[in-house]
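Okay, structure first, notes after.
Keep in mind that what you see is a predicted model, and the values were worked out from it rather than measured.
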Amino acid sequence: MYVVATAGHVDHGKSTLVRELTGQDPDRLEEERRRGLSIQLGYCWTRLPGLGEVAFVDVPGHERFITTTLAGVGPVPAVMLVVAADDPWMPQAAEHLAALDGLGVEHALLVVTRSDLADPLPALARARAELARTSLHAARAVVVSGRTGEGLDTLRTELAALLRAVPPADPEADVRLWVDRRFHVRGTGTVVTGTLPAGTIRCGDTLLSDDRRVRVRGIECLGRPVTSAVGVSRVALALAGKAPDELERGSVLVTQGAFEACAVVDVRLIGEARLPERPVLHVGAAALTVHARPLSRDFARLALERSLPLRIGDRAVLRDPGSRRLWGVQVLDPAPPRLRRRGAAASRAVELERADGSLGAELERRGLVQRALLRRLGTTGAVPPDAVQVGPWLVSGAHARALSAELARFVQEAGTPQRPGVPVAQVARVLGLPDEALVAALVRPPLRVDRGMVEPVEADLPTRLRRALDAIRDDLLARPFAAPDADRLDELGLNRADLGALAHAGHLLRLADGILLLPHADDHAAHLLAGLPQPFTVSQARSLLGSSRRVVLPLLAHLDRTGRTVRLPDDRRRVRG
């Protein structure tokens, strides 16, 4: 399906044109027919030869209904801008054109109507001059008469050519449906409508509306029930159960977990005038007041009165209700950093000059970020080759190098000869890392992570401790589970503090006060004990390991604590697994 919206001044023939093209009346309300103008959005459809089904969103042209107009135009990829041959260039035509330009609309058709009432050439020339300064500058033009039918065949041909040039939407994209109508149907329940720009909605899908789950019970496209709808298309969704009261025009239904709810966004401004403090933001079918803080002439920060699922590259319109002036908006950062110091706004504007929406650029700006957040923000491209990836986290190459240098300085300053290592948790806290797993990825030689400590690969021990450690190692290599007794430790000149430092640095495994083995002796013991008939007694373990109860009892207690053995009620044990 293709979707096209109308735009143009009130009473210039937009609805008449849609009626002639589709054979349907877009004006549904009695008041619209009585007054001869559109008040609400109208929807009609037809088939164009060689193209297929085309849906039309007919918008009001009166200045009082500009919010409704922008709700209809916002999500639609192609537009017919309608001007009348028997009228001069009118204010609402200018306002609609400014909005289309702000939204970055490029796929458009200029249609001059009422050619039977006046020479269309002056109106055509003026309209082309106005379009030449906008994103619609390449729009082709058609002259028609809705009353006589002159030019309608040409219009259908040009419209088909226009819609073929619109890039196809991605059916696998995340769903973001801006709701432009909500109503109740007896026997069906709550129904919402909107233009689906991309993605696929299926019956039974669960979408989110302001963090509340909404299940799709039924789908209609162009008046027909379907089991799924693929963007771009006009859809009506029947919702299961009681729909949230807050779900109305301007609400949005999205794929669960695919978008970030944004209350503050940094944007590029397209427009020359000074931005007011409290403009109205029109995005999709939503309209809400925002607080605007200029960062420079071309950039601003917008604080929204309610969160919206925005992505990098989204286009929107800011409107001053007083002067009716419009600005185009391009979203650059839907999750910007706080501005904490003097001059931060100007620095932020310089950063935004380089923003291109790529994953690499966003990672470089943020330094450390979760990959899922970058996806929700709409970044594109691959992870840079020098980036560090740890679980859900990404660290830019530059930030990783800076963190590694800071880590090395901290370990050097915090370590002592007796305790050269620093706990991983402490390193993560000092570096401000959100996950301790990042520490290991940032450690560089001559540092290493061992047993929860960041330490030098060859920790510099005092000569006295080094000689004593070498002697203990020689003893334990001969008899791995014969921990040195108190007399042997006194002979080596080791006091309680020395033993604690050697154990804390990972040179020895301390099972209890004064009971020390080589690192990983517990792993070796568990492997050996697994060869015994299960369950086994303390006496059997002592015989197998060639040690005493003084060592075996704390060793077995250590294996119990670490989950490698299970102590039974009769004091026997079995190796887990």
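- Listed by first then second residue, pairs satisfying salt bridge (charged side-chain N to carboxylate O under 4.0 Å, His left out) with a partner in residues 514-529 read Asp522-Arg564, Asp523-Arg564, not counting sequence neighbours.
- Counting only residues at least two apart or on different chains, the salt bridge (charged side-chain N to carboxylate O under 4.0 Å, His left out) pairs with a member in residues 192-212 are Arg212-Glu246.
- Here OG of Ser307 is found 9.0 Å from CD of Glu260. Values are rounded to the nearest 0.5 Å.
- Atom CZ of Arg444 has more than 12 neighbouring heavy atoms from other residues, nucleotides or ligands inside a 6.0 Å radius.
- Counting non-hydrogen atoms of other residues, nucleotides and ligands closer than 6.0 Å to CZ of Arg306 gives a total above 12.
- At a threshold of 4.0 Å, the pair Arg409-Glu406 does not count as salt-bridged, since none of the basic side-chain nitrogens sits closer than that to a carboxylate oxygen.
- Note that Arg311 lies in the cation-pi zone of Phe259, set by a 6.0 Å cut-off to the ring centre and a 45° limit from the axis.
- The only member of Arg348, Arg293, Arg338 that meets salt bridge (charged side-chain N to carboxylate O under 4.0 Å, His left out) when paired with Asp266 is Arg348.
- Side chain to side chain, Asp356 and Ser358 meet the donor-acceptor criterion of an N or O pair below 3.5 Å.
- Remark: Asp560 pairs with Arg573 by the salt bridge (charged side-chain N to carboxylate O under 4.0 Å, His left out) rule, at least two apart or across chains.
- The pair Asp320-Arg278 does not count as a salt bridge, with every side-chain nitrogen at least 4.0 angstrom from each carboxylate oxygen.
- Within the structure, every pair that satisfies the salt bridge (charged side-chain N to carboxylate O under 4.0 Å, His left out) test and touches residues 476-488, not counting sequence neighbours, is listed here: Asp475-Arg488, Arg488-Glu491.
- Atom-to-atom distance recorded for Leu374:CG and Leu359:CG is 5.0 Å, nearest 0.5 angstrom.
- For NE2 of His291, the number of neighbouring non-hydrogen atoms (other residues, nucleotides, ligands) closer than 6.0 Å is greater than 12.
- Arg319 and His282 share a donor-acceptor pair across their side chains, judged by distance under 3.5 Å alone.
- Side-chain contact, Thr193 with Asp180: a donor N or O sits under 3.5 Å from an acceptor N or O.
- Remark: Phe481 pairs with His524 by the ring-ring contact (aromatic ring centres under 6.0 Å, His included) rule, at least two apart or across chains.
- Judged by distance alone, the side chain of Arg574 and the main-chain N or O of Pro533 form no donor-acceptor pair under 3.5 Å.
- Residue pairs meeting the ring-ring contact (aromatic ring centres under 6.0 Å, His included) criterion with at least one member in residues 355-414, sequence neighbours excluded, do not occur.
- Of the N and O atoms on the side chains of Arg371 and Gln389, at least one donor lies less than 3.5 Å from an acceptor on the other residue.
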